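A short write-up of the structure that comes next.
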Amino acid sequence: MQMDPQELLSLCKRRGFLWPAYDIYGGAGGLYDYGPLGAALKLNIENHWRALYVRGEGFQEIQCPIIAPEPVFKASGHVDAFSDMYVECTSCGETYRADHLAKGLHDNPATLNEEQLGKLLRDNDVRCELCKGELTAPKRFNLMFKTSIGAGKGKTAYLRPETAQGMFVNFSQVYRYGREKLPVGAVQIGRAFRNEISPRQGLIRLREFNQMEAELFVHPDQKTWPKFRDVEGVAIPLLPNSGDARTMTLGEAFRSKIISNEVLAYFIWLTYRFATDIGLDPKRLRFRQHEKNEMAHYAIDCWDLEAEIVYGWTELVGVADRGSYDVQAHIKHSEADLTAFERFDEPKEVEQEAVKPKYEALGPMFKGKAKAVGEALGKLPPASARGKDKVEVTVGGERLTVPSSCFEIMVRKEKVSGRKLVPHVIEPSYGLDRILYSVLDHAYRKKDDYITLGLKGLVAPIKVGVFPLMAKDGLDAIAGEVFDSVSAAGLEAYYDDSGSIGRRYARMDEIGTPCCVTVDYDTKSDGTVTVRDRDSAEQVRIQKSLVANAVSALISGSPLKSISALR
RNA sequence: GCGGCUGUAGUCUAGCGGUUAGGACUGGAGCUUCCCAAGCUUCAAACUCGGGUUCAAAUCCCGGCAGCCGCACCA
């Protein structure tokens with residue numbers, strides 16, 4: 001792309017899409033303000049995403065706190081693994097990535113902890129590459145923002161580095177709200193934080209950013225999706241980790257095992273549809289499959305939606321099958337029962353062996369302890385008691401020997417109506433800021449220094465500009481009425497009576513407003529106004545009372561010609 | 001975090017030891033029957049911050065901060 005990244009950023013700053021945050025204090029890297037147009041564009045993108053995921057697919061939208069206590073990220077692995085390790089030279093102060101120095105000394109240095117890595121470096125007498133000085137022990141730089149909850153030392157907490165964990169820890173609530181059925185999904189739109197070493201490229205890598213994440217909890221053996229039938233014929237540009245880039249139908253990709261399951265394939269389609277709906281250029285989109293070694297070790301399959309923008313191919317969305325890893329991790333650390341219950345078609349009769357205490361024998365032998373001993377016996381695995389003439393149990397810290405006359409092995413029949421299972425998670429994770437930037441990037445057009453943002457009506461912050469040709473002779477009053485009628489219809493309108501008419505059209509073109517309505521001298525005699533289409537600059541005349549309907553039709557994609565039929 | 005380059009109105013820029021710091025665009029107020037950044041009048045608006053050198057610094061030097069590019073990183 002030959003476009004200068006500065007051009008678009010400068011437009012964004014000039015017209016109120018984006019401002020560098022805290023500018024009057026010198027700014028802060030990786031933090032941006034959304035101006036009025038940026039905030040509106042962001043909201044429009046969010047709302048379309050909601051329309052697809054919440055209204056379209058029935059996901060539950062929830063909102064979780066941004067701050068979370070440390071154990072949450074202990075469980076997720078972020079406290080230990082979401083960090084880089086550094087060593088410093090004790091004489092010249094140069095810093096190195098510790099795991100990089102260990103390359104060649106170990107198969108996968110990234111998996112080592114500080115002590116192991118420190119030992120590895122010491123044992124191999126690794127020194128400063130510049131001055132041969134001694135190195136400090138490895139230190140961690142965790143990419144999470146640390147804080148604390150409460151007064152004094154408080155309780156260690158972090159700003160979330162992704163919105164996902166809030167949904168994993170709420171699995172049981174979501175499952176219950178969804179009437180205890182799989183699949184069930186939750187979504188969350190919100191802020192996340194990463195203390196990036198080096199934020200770059202405008203909105204592409206921020207320290208505080210916005211995510212739209214969906215977590216779909218599915219049965220591990222039933223990764224199917226009924227609506228997949230409707231979309232399997234759709235061709236999507238794919239870049240698999242084996243073989244060349246190709247455009248193929250999702251059905252074909254699924255059947256040839258390029259995409260590992262139907263659910264994943266469906267959400268790849270939904271992501272593609274979302275992207276094209278909000279105006280990303282299909283010719284500059286592709287789905288890239290993660291390389292085997294690029295994928296998290298637990299992930300089953302992962303596809304990124306990438307857009308080609310001024311900075312090159314950039315990841316906007318990750319659609320991953322994460323298996324049961326996340327839920328499993330929270331089960332282990334919290335000891336909560338984050339499982340779904342799978343009901344069998346028919347309850348099964350299961351024969352189960354158990355140790356049954358004989359209280360008539362226990363009583364005389366153990367007196368007051370007999371009850372506790374009986375309970376301990378009942379918990380013994382049957383195999384450990386079978387055929388033995390005595391067993392040992394521990395009651396109140398005391399080891400007791402119990403003869404076989406005090407118990408028997410019973411076969412118990414139980415009705416089992418289902419089983420517990422840990423759901424697998426399909427995670428479509430959208431980087432909202434990157435998506436917003438890409439929408440602007442793909443919409444940016446420049447011809448002889450005349451800039452037009454070709455934003456789709458669906459996402460355009462302002463839907464229509466309303467102008468009097470001249471701000472006098474009563475034209476301004478009529479234009480004011482038209483403005484009010486359009487606003488009352490729920491459409492974002494912008495009134496402008498300053499400067500020449502051409503300048504006003506240009507202002508609207510530059511912020512991506514799809515159409516403009518102008519009140520002129522003819523309006524006074526016949527009540528018609530002109531409606532101008534941004535992309536063709538063509539105009540039609542319609543009755544001023546029909547403006548709101550016409551604008552609604554235009555922004556949902558009707559051609560300008562069809563508008564004149566409203567006359 | 002490392003290396004290179006760069007910081008002048010909202011934006012793009014001129015100035016490279018002594019300037020009332022210049023222009024263009026944008027923006028505001030007005031004039032003009034004004035439909036594609038037209039014209040005219042008029043107004044507003046800037047030297048990234050701190051230290052140093054010098055009689056004198058936007059300009060030279062050092063440092064901070066910020067940006068861009070490359071390296072590294074990207075769960």
Side-chain angles (χ1 to χ4, degrees), chain A residues 4-7 9-16 19-31 35 73 76-88 93-97 99-100 110 129-130 141-144 161-162 164-165 192 194-202 204-206 290 294-299 302 304 311 314-315 318 320 322 325-326 429 431 434 447-452 465 467-473 475 496-510 516-522 524 529-534 536-539 541:
Chain A
D4 179 356
Q6 293 307 308
E7 273 184 33
L9 281 175
S10 140
L11 164 67
C12 287
K13 193 175 170 186
R14 205 155 25 88
R15 291 302 191 183
W19 299 321
Y22 309 112
D23 204 31
I24 65 167
Y25 287 104
L31 302 176
F73 298 119
S76 70
H78 286 96
V79 169
D80 297 316
F82 189 51
S83 60
D84 296 329
M85 272 188 277
Y86 285 91
V87 292
E88 258 179 291
E94 179 73 14
T95 57
Y96 298 95
R97 285 275 312 234
D99 54 341
H100 286 196
E129 288 176 357
L130 292 178
F141 177 68
N142 192 287
L143 267 48
M144 286 193 293
E162 59 177 22
Q165 299 306 325
R194 298 177 188 185
N195 199 0
E196 298 286 351
I197 295 170
S198 171
R200 286 288 167 77
Q201 300 174 327
I204 301 307
R205 196 184 307 162
L206 295 170
H290 277 207
E294 181 184 0
M295 249 183 280
H297 59 90
Y298 49 81
C302 184
D304 285 347
Y311 303 115
T314 302
E315 175 193 345
R322 301 177 61 91
Y325 177 83
D326 306 280
S429 171
R434 290 177 168 198
K447 198 180 172 200
D448 303 328
D449 282 334
Y450 190 97
I451 297 169
T452 303
F467 318 138
L469 188 61
M470 303 279 291
K472 60 179 189 182
D473 302 331
L475 299 185
D496 191 352
D497 63 11
S498 86
S500 74
I501 193 71
R503 182 186 303 265
R504 285 176 265 164
Y505 288 142
R507 270 197 280 258
M508 289 294 109
D509 288 347
E510 201 180 34
C516 295
V517 170
T518 301
V519 170
D520 59 17
Y521 286 92
D522 289 352
K524 291 178 78 173
V529 295
T530 62
V531 179
R532 169 193 181 265
D533 169 62
R534 174 193 65 208
S536 62
E538 282 168 15
Q539 294 183 321
R541 291 197 79 91

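Quick caveat: nothing in here was measured; it's all calculated off a predicted structure. Per chain, numbering begins at 1; letters A, B, ... match sequence-line order.
Salt-bridge check for Asp509(A) with Arg532(A): passed, with a basic side-chain N closer than 4.0 Å to an acidic carboxylate O.
Among the protein residues, Asp23(A) comes within range of no part of the nucleic acid, since none of its heavy atoms lies under 4.0 Å from any strand. In this structure, Ser10(A) reaches the sugar-phosphate backbone alone: every heavy-atom distance under 4.0 Å involves primed, P, OP1 or OP2 atoms, never a base. Heavy atoms of Pro161(A) sit under 4.0 angstrom from at least one base atom. Within 4.0 Å (heavy atoms only), Ser498(A) reaches sugar-phosphate atoms of the nucleic acid but no base atom. When heavy atoms are screened at a 4.0 angstrom cut-off, Gly499(A) is found touching base atoms of the nucleic acid. Glu315(A) comes within contact range of no nucleotide atom at all, as no heavy-atom separation falls under 4.0 Å.
Closest to the side chain of Arg15(A), from the set C35(B), U11(B), G27(B), is G27(B). You'll find that the side chain of Arg205(A) is closest to C73(B), out of C73(B), C34(B), G10(B). Relative to the side chain of Glu510(A), the nucleotides A37(B), C35(B), C36(B) differ in distance, and A37(B) lies closest.
A close approach under 4.0 Å does not occur between any side-chain nitrogen or oxygen of Lys524(A) and OP1 or OP2 of U33(B). When the side-chain nitrogen and oxygen atoms of Arg503(A) are compared with OP1 and OP2 of U26(B), one or more of them lie within a distance under 4.0 Å. Regarding contacts with the backbone of U26(B), every side-chain N or O of Arg507(A) stays at 4.0 angstrom or more from both OP1 and OP2.
Counting distance only, with no hydrogens placed and no angle test, the side-chain atoms of Arg532(A) and the base atoms of C36(B) include a donor-acceptor pair under 3.5 Å.
Between G1(B) and A14(B), the two P atoms lie 31 Å apart (nearest whole Å). Spacing between U13(B) and C69(B) at atom P, rounded to whole Å, works out to 15 Å. Nucleotides A46(B) and U8(B) place their P atoms 14 Å apart, quoted to the nearest Å. Nucleotides C12(B) and A37(B) place their C1' atoms 16 Å apart, quoted to the nearest Å. Separation of the P atoms belonging to A44(B) and U32(B) is 24 Å when rounded to the nearest angstrom. Only the P atoms considered, C49(B) is 34 Å distant from U41(B), to the nearest whole Å. Taking atom P on both A21(B) and U48(B), the two are 15 Å apart, rounded to the nearest angstrom. The same atom, C1', is picked in G67(B) and in A29(B); the two are 36 Å apart, to the nearest Å.
For U33(B), the base is stacked against the aromatic ring of Tyr521(A), per a cut-off of 5.5 Å between centres and 30° between planes.
Looking only at distances, no side-chain donor or acceptor of Asp473(A) sits under 3.5 Å from a matching main-chain atom of Leu475(A). Listed for the Arg15(A) side chain is no donor-acceptor partner under 3.5 Å among the backbone atoms of Arg507(A). Distance alone, capped at 3.5 Å, places no donor-acceptor pair between the Arg503(A) side chain and the Ser498(A) backbone.
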